[in-house]
Every structure is written in structure tokens, then in C-alpha cells.
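Working notes for the structure below.
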Amino acid sequence: MGHKSLNSQTKAQATHEQVSKQNKQKVVPPKSKLWHLAASLLLFQGVMLGTPLQAQEASQKTLSYGQLLQKVDADEVSKVEIDPTTRIAKVRLKGSKSNDQPQEVLLLEQNSELIEKLRNKEVELDVESTADNSAVLGLVANLFLLLLLMAGLMMILRRSSSSSGQALNFGKSKARFQMEAKTGVLFDDVAGIEEAKEELQEVVTFLKQPERFTAIGAKIPKGVLLIGPPGTGKTLLAKAIAGEAGVPFFSISGSEFVEMFVGVGASRVRDLFKKAKENAPCLIFIDEIDAVGRQRGAGIGGGNDEREQTLNQLLTEMDGFEGNTGIIIIAATNRPDVLDSALLRPGRFDRQVMVDAPDLKGRLGILEVHARNKKIAPEVSLEAIARRTPGFTGADLANLLNEAAILTARRRKDAITMLEINDAVDRVVAGMEGTPLVDSKSKRLIAYHEVGHAVIGTLLPQHDPVQKVTLIPRGQARGLTWFTPDEEQGLVSRSQLLARITAALGGRAAEEEIFGDAEVTTGASGDLQQITGLARQMVTRFGMSDLGPLSLESQGQDVFVGGGLMSSRSEYSEEISAKIDAQVQTIVEHCHIQARQLIRHNRIVIDKLVDLLIDKETIEGDELRQIMEEQNQLKTDNLVASS
Ligand code: ADP
Ligand code: ZN
Ligand code: MG
């Protein structure tokens, strides 16, 4: 059961297309024969032939065979038309108007009695055979199927032959890069990454007025590497540079250089630079350069010839043109650590610009950019949204506003209000909303668990304030306690970390205190994972344990990082490893005891909050704090009275 603002986890929703069933109870009117043809094809044409055309449309007047005989006897019949293929007789009664529908009768295999009677009564008798439709249709269906199969076969053949053709002239690669003459993006559209913008302002000047630099003998840099996590606006920034300078924008993704055939990537690099030179001044943007630019000759599974050739070609091309041809290359990556050092030396990507996730002010700026083209109610505070969304990147924020706009449209409102935005944040962070549980023991347990988090989070002064507690499930979580991060959390103190661990243990502690050790549930597994991770980092990264100020592990170790495999394994001895585990355990145990104590001493207010939560499903942070304060007041009053 969730405890913090975790990262988003969107779920694809499968939609089932309704397959309509065919109604066998209908006589086929001519129009729907085509439909039947299609249906029979789908079912491999068994159904068509197997569907007897015998039942009648309900609206049509029908007679039974017996009734017909009676009517003939009673001299009420004027004319009978028999269709031997469908075995339906159309009967006209005496006195019926000529434009009346004749009545239909399903006949027997042998109708000698009827024919006899008709002859005796001298009723007009017609035998009219409609062509045997079903047989013809079956044949057509067969033919159609055959044609379809042949067409499919031809298509497969064609495709394989064209791809083998491609293999023969793979050197002449299809241009895989995109060129935009005008990106239409300006620096104004990029917000929240002011330092990066400032640094790149200079690049715009290089592109616009190279003379200013060449006149005094300065060499214009060739490459800029943008480093930052996905969604922070690297691509956008590159486009904005091209847009501001008014030059064409060539872009390709690193992964598009890499192909099955050796040499394709290299030839694409050549193509790209050739085209760029023809269009100078211009900007080349290589996205995800780490796909080609990895450290050569390293990594698991040996080197990759193709990638190395591509990279070599890239390096050659970058050396090949003088700095003053008016081409600037901007590359983006979120893994600068894996890049080949040759890429980073002066004369290549010698400028590196960090593009980080935005801070509070940055988020506000980005929200302002994306709010420009949206109808937002005047009371909406973009600052409040920025406060609620620490860790969101520019792409997350853009997506958030878009989700809110979609919600608004779905609710048929005219403008986006805070309600939609809050719902969108909840959804982006914690996943889709589920249906609340009905009141039951497990709902009570979840309520105690969540209130446990919330109460401890409120009681510990170092902890972020509770934003709300809810029993409405979202994503994986069956209940959630949301905390508002107080300010930008650059630095976190030891007591803050301990408070976080204690509050995260609050859920489990409440389960234990109220329901007993035997009744605790698996609901706390996410909390425990988070707690263990935090405690371990306190020991191994932050030097906040009795082991002393040692850095024993670095963040985000990845065996797939080139070259790092061997060295990253053991930075400490086995003895230290055992000590780390013991320290982690001590920290968690200490917090656990504290959490249980806090729950025990606040049982009355917890019971009260649980009842309220089960009743209302959601308690806002302010209400929660108010109830807790009142309860505290009561307690101290009682103490005073009894003493
Ligand atoms: P990256 O290339 O770093 O992965 P993108 O540049 O593709 O990220 O960003 C995706 C989208 O997110 C952009 O098109 C833009 O709408 C939005 N976005 C990201 N960062 C910013 C920003 N700093 N300012 C405004 N919008 C941004
Ligand atoms: Zn929990
Ligand atoms: Mg990008």
C-alpha cells in the first residue's frame, strides 16, 4: 500500500472488439447476401452452406402446413406458388388484395397430399424455382478465398524480393535522417533549464554571425553534448537553437545508425554530413548518441564491428570539416559515462551542457509555457502544481497538462480546474484509479495501515506534511498516503531520513498493533523495499551509521556499462558486507520500535481517523491535522483535570 509519490506506471488497457454473431434465424434478403459472403469467408465458408433458409421472418404472415390444408379444404385459397429449392410455398388467400404479402408455408419433402387437394379444388398452382443461391454463393466464396490466398502469397513474395534487393544496395542507404528547414521552436518555448539556455545562446550566435568569431581568429566549436535524463527537453533545446538561428535542422537517432549490415551506419554518417555541408549553415542533432558512441572494445559480449565503424566514421567526419563551415553538431545522451573518450576530446564534443530535471521555479516556467495554448480556469495556481510535482521533467509536465485537458473535455467543462489537474497528477504518479473496496475487514486493515503512515508522518516534525490519505486504490496500491515535499529537497538530513523510514514503517506497525502479529499482510512489501533501500543508502552512501563516513557503493551500478564490470564488484570486504547488513538492520529496527510506540500512544485518534476514512474514503491533510490537534488538546485537558 503506497506510501510515497512513486514514479508513474501506466498500464495499457486491452480493448476487446465485439464480434457480432450472425443471426441464423433470418431469411436472407438479397442485400445481406454480400455480408453473408464475407461472414462465410471468415468462418472458412462452412456456415453459408450449412445455413438452411427455412425459417421465416417474424413480421411475415405464416401458415402451418396443417392450416394450409384446412384452408384449401375450406376453399379459401386462390393461388399457391411453390419453390422447390427453398421448400416454401407462397399462398394467396381469396379476398386478399393483390399488393398484400402472400402467406408463406414451409412444405414437407413430399407434398402429394397438398398437390392432390389443390388439383381437386382447382387452385392455381405455380412451381417457381429460384436458382440455387446457396450453392452459387459457396462457389463464389471458395473462389474468393483462393484469390485472397494468392494475393497474400504474392505480397509476401514481393516483400522478400524487395528486401533482398535492399541487401544488394545497402551502401546507398535510405536517408534515415530528418531535415526540417524551420523548426518553429524558439527559446521562449523552452523553460526551466536556464543555465543550459544561456550556454547555448552562444551557439546561436556562432550559427548566425560566424564572422564575429572568425575575424579575431577564434575557432568555432563543432560539437555540443547535451547530457540529461529523458524528457528534460534536450531535443526541444536543439530545435530551439536551430529555430533561433534560422538554420535547417538535421536530426537522426543514434540507434538508426546501427544496422545488421556492417558499413551501413558508416555510410549513413557520410550521407548525413554530405547533405549537411550542402545546406550549411545548419545544425545536426544526433539523439541518443550512446547507441553508437559507446566505449569501443568494451562491454559484455565483445566489440561490435558495425558500431565501431560507425563511430570511427563519425569521428572522421567531425575532424574532416573545419570549424568554420557553419555546421554545428549537437548530440544528446543520458549516459555520458559510457561514451567513448575519443568523442569527448577537444575538437569534437568538447562542450558539455547539463540538462537536468527542473527545480520548482523551472517547473513553474515549463507549466507556463504549456498552459499558453490551453484553457485554464483563472483560479488555478500553476505554482501549486509546480509544488506538487517534484521530480517531474518537462515532458512529464507537458503530459500532465494534457491529461488534465483530456479529463476536462471528458467532464464537459469549459476550462481546466484544479480538480482535473490534481486528478491528473495522482494518475501520472500512482496510476489509474480503481473502484473502492466495500466495507470489510480488509478495508479496515488498509485504513489502519494508511492512517498509520499519515499519523506518524504528522507526528514527526522532520517529516513532510501529509497531503491526503485515501482508500481509493490506484495502480498497484490499495490505499495511498500522499505527502507534500516541503521544499526542493537538495540536501536531506539524517533525522529526515529516519523520519521517512519511521513513517514508511507506520503502515506495518499499525497492522501489528491493531490486528496482532498473526494478521499482518503482504500490503507493506512496497514500503519495506523502500525502507530497506533508504537504510542501506544511509550506511553505504551517506556515511550515516556507526560504520563511519565511508562511501561503499555508488549510485546506479550497471553491469552493462562498458568496462565497469570487473571493477565495480567488490569495493568492500566480506567482513564489511556483514557489518553493512547489521547496520541496516539496526536502523530499521530502531525505527520500527519507534513507529509501534507512536501507534500505541495515539490509538484513540487513529481509531477515530480510521472510522472517518472508511466513511469518507479520503481525508485531506488539513482535516487530518485538525483532528489530531483537537485530540491532543483533549488529552492535555484531561491530564490537567485529573491531576
Ligand atoms: P528529451 O529529448 O530530453 O528526452 P524532449 O525535448 O523530447 O526531451 O521533450 C519532450 C517534450 O516535453 C517536449 O516536446 C516539450 O513539449 C516538453 N518539454 C520537455 N522539456 C521542456 C522544457 N524545458 N520546457 C518546455 N517544454 C519541455
Ligand atoms: Zn504502506
Ligand atoms: Mg529526445
Side-chain angles (χ1 to χ4, degrees), residues 1-4 6 183-197 200 226-241 249 251-255 285-291 330-335 353-359 361-374 386 392-402 430 445-457 469-471 473 476-483 500-511 520-531 595:
M1 287 161 262
H3 160 251
K4 262 271 148 120
L6 303 163
T183 61
V185 181
L186 294 176
F187 271 156
D188 263 357
D189 301 320
V190 188
I193 34 177
E194 298 311 318
E195 295 92 22
K197 260 163 79 174
L200 293 168
L226 300 179
I227 301 167
T232 44
K234 299 182 294 296
T235 309
L236 191 71
L237 201 53
K239 283 190 178 178
I241 296 167
F249 180 75
S251 69
I252 187 164
S253 168
S255 58
F285 179 62
I286 304 175
D287 209 354
E288 294 169 44
I289 194 167
D290 43 287
I330 295 188
T333 181
N334 50 359
R335 302 291 308 274
V353 177
M354 300 302 280
V355 185
D356 265 330
D359 57 4
K361 217 173 114 231
R363 291 196 300 274
L364 183 58
I366 294 171
L367 285 168
E368 273 161 5
V369 167
H370 289 278
R372 269 190 226 148
N373 56 0
K374 297 201 168 55
F392 274 46
T393 62
D396 292 334
L397 292 169
N399 177 37
L400 172 72
L401 283 186
N402 194 47
L445 187 132
I446 296 167
Y448 271 106
H449 179 111
E450 296 308 329
V451 168
H453 286 311
V455 165
I456 292 186
V469 196
T470 174
L471 286 184
Q476 304 285 313
R478 288 195 284 155
L480 279 165
T481 308
W482 296 81
F483 294 95
R500 273 190 211 169
I501 295 176
T502 313
L505 277 165
R508 167 54 70 88
E511 288 180 31
V520 296
T521 66
T522 52
S525 69
D527 299 335
L528 300 186
Q529 214 172 4
Q530 196 181 343
I531 291 156

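Nothing here was measured: the structure is a model prediction, and the numbers come from that model. Counting convention: from 1, in listed order, for ligands and their atoms alike.
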**OP:** Heavy-atom distances under 4.0 Å are what count here, so tell me which part of Thr232 touches ligand 1: side chain, backbone, both or neither.
**Re:** both

Subject >> Note, Arg508 side chain near Asp527 side chain (heavy atom, < 4.5 Å) >> reply: no

Original post:
Ile193 heavy atoms, cut-off 4.0 Å: which ligand 1 atoms fall inside?
Top reply: 23 (N)

**OP:** Take Val469 and Trp482 through the side-chain contact (heavy atoms from CB on, under 4.5 Å) test and state the conclusion after the steps.
**Re:** CA-CA 6 Å; Val469 196; Trp482 296 81; over 6 Å; no

**OP:** Any atoms of ligand 1 less than 4.0 Å from a non-hydrogen atom of Asp189? List them with their elements.
**Re:** 24 (N), 25 (C)

**OP:** Would you mind telling me if ligand 1 is within reach of the side chain of Leu237, the backbone, both or neither, using heavy atoms under 4.0 Å?
**Re:** neither

**OP:** Would you indicate which of Gly233, Gly394, Gly192, Ala191 comes nearest to atom 23 (N) of ligand 1 when only heavy atoms are counted?
**Re:** Ala191

Original post:
Which of the numbered atoms in ligand 1 are below 4.0 angstrom from a heavy atom of His370?
Top reply: 15 (C), 16 (O), 17 (C), 25 (C), 26 (N), 27 (C)

Original post:
Heavy atoms only: which of Val355, Leu226, Leu236, Asn402 is nearest to atom 14 (O) of ligand 1?
Top reply: Leu236

**OP:** Would you mind running through ligand 1 and noting each atom that sits below 4.0 Å from a heavy atom of Pro230?
**Re:** 4 (O)

**OP:** Number the atoms of ligand 1 from 1 as they appear, then name those within less than 4.0 Å of a heavy atom of Ile366, with their elements.
**Re:** 22 (C), 23 (N), 24 (N), 25 (C)

Original post:
Do any N or O atoms from the side chain of Lys374 and from the backbone of Leu401 form a donor-acceptor pair under 3.5 angstrom?
Top reply: no

**OP:** Verify the neighbour count for atom CD of Glu194: are there more than 12 heavy atoms of other residues, nucleotides or ligands below 6.0 Å?
**Re:** yes

Original post:
Does one side chain, of Thr521 or Glu511, offer a donor that lies under 3.5 Å from an acceptor on the other?
Top reply: yes

Subject >> Atom name in His453, limited to N/O/S, at shortest distance from the Zn ion (ligand 2) >> reply: NE2

Original post:
Can you tell me if an N/O/S atom from Glu450 lies under 2.8 Å from the Zn ion (ligand 2)?
Top reply: no

Original post:
So is there a nitrogen or oxygen of Asp287 less than 3.5 Å from a nitrogen or oxygen in ligand 1?
Top reply: no

Original post:
Do Asp188 and Arg372 come close enough that some side-chain heavy atom pair is under 4.5 Å?
Top reply: yes

**OP:** Please identify which atoms of ligand 1 are closer than 4.0 Å to at least one heavy atom of Val190.
**Re:** 23 (N), 24 (N)

Original post:
Tell me, which protein residue and heavy-atom name are nearest atom 12 (O) of ligand 1, and how many Å apart are they?
Top reply: Ala395 CA, 3.2 Å

**OP:** Using distance alone, determine whether Gly231 and ligand 1 share an N or O pair under 3.5 Å.
**Re:** yes

**OP:** Of all N, O or S atoms in Asp527, identify the one at the shortest distance from the Zn ion (ligand 2).
**Re:** OD2

